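Reading through the structure tokens given below for one structure.
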Amino acid sequence: MKKLICLLVFFVSLSVSAEEKTVASPDGRLVVKVTTNEGRVCYSVEYDGQEVLKPSCLGLRTNVGDFTEGLTLKEAKNERIEKQYDMTRTKTAHVNYNANQLTLRYETANGFPLTMTFNVSDNDVAFRYGLGRGPKDNPKCALVYEEATSFLLPDGTRTFLTPQINPMTGWERTKPSYEEEYEADAEMTKRSKFGVGYTFPCLFKVSQPSGLVWLLISETGVTSEYCGSRLSDYEAGRGYQVAYPQKGEQNGFGSEFAAIPLPGKTPWRTITVGNSLKPIVETTVAYDVVDPLYEAKYEYKPGRYTWSWLIWQDQSINYDDQVKFIDLASAMGFEYTLVDNWWDTQIGREKIEQLSKYAQGKGVHLLLWYSSNGYENDAPQGPRNIMNNSIARKKDMAWMQRIGVKGIKVDFFGGDKQETMRLYEDILSDANEYGLQVIFHGCTLPRGWERMYPNYVGSEAALASENVYFSDYHAKKEGFELSMYAFTRNVVAAFDWGGVIMNHWMSKDNKSRHQRFTSDIFEIATGITNQCSVNCMAMQPNNLSELPQFELDFLKTIPTAWDETRFIDGYPGKYVVIARRCGEKWYVGGINGGSEALALTLQLPMLTGQTVNLMTDEPSKANQRSLANGKGKNEGPKAVKVSKKGEVKVTLQPMGGIVIYQ
């Protein structure tokens, strides 16, 4: 396939015949300009009068025509979009979406139509392509080989990105599993670690004469009718280009391009822009431009789950140990217990039925782990060869419904091909028929799925908690990683990080292996800073007798379903403070991923003049290490008064945290 290239002359010298169409956000601050010149189309983005995205390419290359050149603008239409919707599985329960829409209809020289639709709301741009049928109502389907869409950011832009990796690499050939490390404040011109670009979402910091501007680039609305995408490496004069899956993903099975019916549409490309990180953290654009694909057949309840595997590992997947974690969930008032891999051979189906009955008697329901394999990789864990097969999948789902299982965690997917997206959608759709919620691990980024699929819970799609257990290296980086995800991975979709980790040491006896390097309050705060409607509380049975009572009391009541989210303070990879509201009560969580204490004055206008509870760490240099290994002691929550200005002063200790609640 030929490489799509925007002519540099197009960017620097527009002819007098160029046509420019403009659409602005309702508040007028965010402006998209789309320019057609000599058959090529580009767009640029301005915020507060400053260009934050330079003229960048648009277009598609397909088997029915090249829609990157030879285009003639036939029609431009502007509309106002007003939409309200409610959700139960994201950062915000009710959304009022207001945007201005520009739809441009182009034709090629032989009469094939292409539309480009831009929705511009305050701080968010979403755009996509639509392909129509030819002049004689044929063909009725198309292959989309490549997308010209690019993002040319100003020189000097800094990046906060995680690299894509080559397929069929890593442990048991399971990569890409979307578990590579983020790099903060990197140079835009730096090549990605593996030379194959970056996974969404991608965060950028642009220096402008008027100050910093932040951009988050991602996509949403990916279904079984398209492939997932990523960004290419940066190229001078072109920037980053939308890149389709690699040929070797999913063990080479399935096309690396998209097949669509005609008329058909691509997923939405999204750009969130702001002069602070507040619009980045609070954006709902991933849900604003998509709609539910089916109705919930059952009520799916948010909640918390216990999980033996994180610390006790594979050997804990036996009946007796799972009883201990069910008892732990019951004692804490948690709703679920996850039984992880190997349950089919180490416990067996008959004993799982007994275990489910026991759990329900304790007010707890089981979630069961499954492999997505198949043929995608060599991961050996079972049950295998069920979720990838419609007959076997429905049979097992019917069995789970009969015995009272309420959800599944499906692991080890193989990339972003359309064939893989079809498997995600098939699992979700079938699970809805049997009252099962779904969590994905070893998987790609979810793209608007909480709204599209009502029984979808969340995904891993990042380097997660198991790595804190696996290595001292990642235990030391937990603060960096979780304060990075609050601005990247978790802002566009629910994130199953895999646990509020309360053991001080990464071992069953809580005395050996390497320690946890975060404080208890840091871990508790992540129950607020991380968002997932069915959230893991990675407690161990020993924690019931080892943790201070005030910590246990708070963990028993921490919500997972939020009505509102507000960004308070932070910087990617360093620290973050987020406020979330459940009903009438506000919860504020803050974590420090660095090695120095941070004295902050938090702006909490929603709590102005109120007396609230504050949990924090002891202010000593040895605090982080002593608290993490269980030698230090935290006092219980203190009553503090939020000033008439809505301010409260706090200190985030190194690898420590704060929790404020009413």
Side-chain angles (χ1 to χ4, degrees), residues 211-212 214 274-282 478-480 482-484 486-487 500 517-530 548 550-551 553-555 557-559 562 564-582 584-628 632-662:
L212 291 180
W214 294 88
N275 55 16
S276 75
L277 286 158
K278 180 179 174 65
I280 305 296
V281 174
E282 297 181 10
E478 184 184 357
F480 167 83
L482 285 178
S483 56
M484 174 63 73
F487 300 97
V500 176
F517 288 87
T518 58
S519 73
D520 282 7
I521 305 303
F522 176 106
E523 291 296 327
I524 293 170
T526 66
I528 301 167
T529 60
N530 287 345
F550 78 89
E551 294 183 8
D553 290 343
F554 185 81
L555 289 169
T557 61
I558 189 169
W562 305 105
E564 186 178 353
T565 292
R566 295 190 194 178
F567 171 67
I568 305 302
D569 201 358
Y571 190 89
K574 294 183 178 180
Y575 74 103
V576 66
V577 183
I578 292 177
R580 303 194 196 270
R581 178 175 60 84
C582 178
E584 300 300 318
K585 293 185 177 181
W586 282 96
Y587 296 78
V588 182
I591 57 173
N592 180 2
S595 58
E596 301 292 332
L598 295 173
L600 304 174
T601 300
L602 303 181
Q603 305 294 322
L604 303 175
M606 74 291 282
L607 298 174
T608 297
Q610 295 187 35
T611 298
V612 295
N613 299 296
L614 169 66
M615 291 193 292
T616 188
D617 299 309
E618 293 177 339
S620 65
K621 291 183 179 180
N623 175 67
Q624 170 263 314
R625 176 174 287 273
S626 64
L627 287 176
K633 292 190 179 297
N634 260 325
E635 298 179 6
K638 300 176 181 178
V640 298
K641 184 73 174 289
V642 181
S643 74
K644 294 180 180 179
K645 294 182 179 180
E647 297 178 346
V648 63
K649 295 181 183 296
V650 300
T651 299
L652 284 171
Q653 297 299 327
M655 297 287 269
I658 57 111
V659 174
I660 296 172
Y661 60 103
Q662 293 172 286

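Heads up: numbering here begins at 1 and tracks the sequence. On a predicted model such as this, the values are computed, not experimentally measured, just so you know.
If you take CG on Asn613 and CD on Gln662, they are separated by 9.5 Å, rounding to the nearest 0.5 Å. Distance check, rounded to the nearest 0.5 Å: CH2 of Trp562 to CD1 of Ile578 gives 10.5 Å. Note that the CD1 atom of Ile568 and the CE atom of Met606 stand 4.5 Å from one another [nearest 0.5 Å]. Between atom CG of residue Asn530 and atom CD of residue Glu523 there is a gap of 9.5 Å, rounded to the nearest 0.5 Å. Here the CD-CE distance, from Glu478 to Met655, works out to 6.5 Å after rounding to the nearest 0.5 Å. Within the model, atoms CD of Glu647 and CG of Leu604 stand 9.0 Å from one another, a figure rounded to the nearest 0.5 Å.
Between Leu482 and Phe522 there is a side-chain heavy-atom pair separated by less than 4.5 Å. Side-chain atoms of Val659 and Pro637, non-hydrogen and from C-beta on, never get closer than 4.5 Å to each other. Ile660 is listed as a side-chain neighbour of Leu602, based on a closest heavy-atom distance under 4.5 Å. No side-chain heavy atom of Ile591 sits less than 4.5 Å from a side-chain heavy atom of Leu652.
Nearest heavy atoms, Pro279 versus Gly274: CG-CA, 3.9 Å. For the residue pair Gly589 and Thr529, the shortest heavy atom distance occurs at O-CG2, 3.5 Å. When all heavy atoms of Thr611 and Ala639 are compared, the closest pair comes out as CG2-CB, 3.9 Å. Nearest heavy atoms, Gly657 versus Ser519: N-OG, 3.8 Å. Across all their heavy atoms, Ser595 and Pro654 have their closest contact at O-CG, 3.5 Å. Counting all heavy atoms, side chain and backbone alike, Ile521 lies closest to Thr616 at CG1-O, 3.9 Å.
Of the N and O atoms on the side chains of Thr601 and Lys649, at least one donor lies less than 3.5 Å from an acceptor on the other residue.
Listed for the Asp617 side chain is no donor-acceptor partner under 3.5 Å among the backbone atoms of Gln653. Checked by atom type and distance alone, the side chain of Gln610 never pairs as donor or acceptor with a backbone atom of Val642 at under 3.5 Å. Using a distance-only test at 3.5 Å, with no hydrogens or angles considered, a donor-acceptor pair links the side chain of Arg580 to the main chain of Ile528. Without hydrogens or angle criteria, Asn592 side chain to Glu596 main chain gives a donor-acceptor distance under 3.5 Å.
The aromatic rings of Tyr587 and Tyr661 sit parallel, their planes meeting at an angle under 30°, below the 60° perpendicular limit.
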